[in-house]
Amino acid sequence: MAATTPGLVCAHHHLYSALARGMPAPPKTPTTFREILEQIWWRLDTALDLDMIRWSAMLGALEALEAGTTGIIDHHESPEAIEGSLSVIADACAEVGVRVLPAYGITDRHGPDGARRGLEENERFIKERGRGLVGIHAAFTCTDETLQAAAGLAEDLGVGVHVHVAEGVDDADAPQRLEGLTRDDWLLIHCVHLPTDHTLRGTIVHNPRSNLNNAVGYADPARFSNPVALGTDGIGADMIEAFRLAYVMQRSVGVTCGPDTAWEWLATGWDLMPEARDDEVTWSYEPMDPWYLAFTAGVRPLEVRVAGEVVFSDGEPTRVDVAEVRAKAREQATRLHARL
Ligand SMILES: [Zn+2]
């Protein structure tokens, strides 16, 4: 038995984090979300160069296809390798056959020059390639001037903004900092600590596995009137798994809810990347129905077509050699881990 769906969309990914798995333990065990950023992610992103970015994106794109995901909305940061980084990611995804909508997450953590160079990378990429978002790391690591510059650039280019919002308590003032800047084409990531009666516009992207892993709390996205989509926050691109977790987390605070709501959140991905509707995934299981999938583990794609081309079949990608991608990614991971 098999059923087909369009290609799935991961509405928030960090392809650069594909090489993080197995990294050495940080010098000090993080005890808060802020310390997880400082001890893990901000040390890792600073150590990235363009070769590492290329192979992390190749590996992330490969693992997306292995999960039936053909569209990735990526949020990237590499403060020591900013210029050209979004093109490296886009080219790697194109090589594997996965669609990507990249953004460079600008921040003032590395001074105003770092923020300016990040903004320029967003502008360069979107002008050259035509399809992308303007990225902001989060309000709490940016000055008001930087937030305004990013919102202004996005408006000038006619694209949305991709920004983490109130993931942890450190960013609880994000609704005030971003007030008046957001528009309907913004992606507001996490929103765990965002008040229900906030005034921000845009799609809220819920990342259940990441929120559990970082112990930041439950976003309870059903409480918002904004559209809601699902992401992985860099832990792979298995969107059926993300749906299953989103459902069971919702269930953990309200035992009467069914899986239809989480399934609608998954489907919102097609509003964000409509081109993924042109893709077709043939699955190992039928029916691809939320009431079945919420309780069925191990569903996998048999074949993936992107814009009519078979890019995955018989458990393997057709355009790249899976063993080579994993070997090169492992080499780059070893280089990266040695720098930490
Ligand atoms: Zn994120």
Side-chain angles (χ1 to χ4, degrees), residues 9-21 23 30 32-46 48 53 56-57 60 63-64 69 71-79 85-86 89 100-107 109 118 122 132-142 147 150 160-172 174 178 186-194 200 202-219 221 228-239 241-242 245-246 249 265 268-269 272-273:
V9 174
C10 176
H12 180 64
H13 203 330
H14 298 281
L15 286 165
Y16 73 79
S17 70
L19 304 184
R21 59 189 81 162
M23 69 187 275
T32 62
F33 174 61
R34 173 88 190 196
E35 286 179 7
I36 290 174
L37 292 176
E38 289 169 354
Q39 295 284 322
I40 298 177
W41 299 110
W42 293 350
R43 288 173 61 239
L44 185 100
D45 69 18
T46 303
L48 291 168
I53 294 165
S56 65
E63 292 183 344
T69 296
I72 293 172
I73 302 180
D74 192 60
H75 190 279
H76 178 68
E77 290 183 51
S78 52
S85 58
L86 298 187
I89 291 168
V100 67
L101 199 52
Y104 190 89
I106 66 169
T107 178
R109 284 191 294 115
N122 283 301
L133 296 166
V134 172
I136 300 173
H137 169 251
F140 78 100
T141 67
C142 290
L147 296 177
V161 169
H162 187 170
V163 55
H164 296 106
V165 175
E167 178 174 6
V169 289
D170 299 271
D171 196 34
L178 297 173
W186 281 45
L187 299 184
L188 314 172
I189 312 306
H190 298 301
C191 299
V192 176
H193 299 277
L194 186 66
L200 302 185
T203 297
I204 288 171
V205 182
H206 178 45
N207 300 267
R209 173 174 290 281
S210 166
N211 294 163
L212 287 165
N213 188 54
N214 289 326
V216 290
Y218 180 42
V228 175
L230 294 180
T232 60
D233 204 21
I235 313 176
D238 186 337
M239 299 315 297
E241 185 198 58
L245 279 168
M249 277 183 85
W265 298 341
T268 302
L272 305 174
M273 285 188 86

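Order of appearance sets the numbers: ligands from 1, and atoms from 1 within every ligand. Each residue takes its place number in the sequence, starting with 1.
The aromatic rings of His76 and Tyr104 sit perpendicular, their planes meeting at an angle over 60°, well past the 30° parallel limit. Classified by interplanar angle (parallel below 30°, tilted 30° to 60°, perpendicular above 60°), the ring pair His190/His164 is parallel.
By the salt bridge (charged side-chain N to carboxylate O under 4.0 Å, His left out) test, Glu241 is found to be paired with Arg209, residues two or more places apart in sequence or in another chain being considered. Residues forming a salt bridge (charged side-chain N to carboxylate O under 4.0 Å, His left out) with Asp45 (at least two apart in sequence, or on another chain): Arg109. With sequence neighbours excluded, the residues forming a salt bridge (charged side-chain N to carboxylate O under 4.0 Å, His left out) with Arg34 are Glu38, listed by chain and number.
Here the protein contributes His12 NE2, His14 NE2, His164 NE2, Asp233 OD1 as N, O or S atoms under 2.8 Å from the Zn ion (ligand 1).
The side-chain heavy atoms of His12 and Ser210, taken from C-beta on, include no pair separated by under 4.5 Å.
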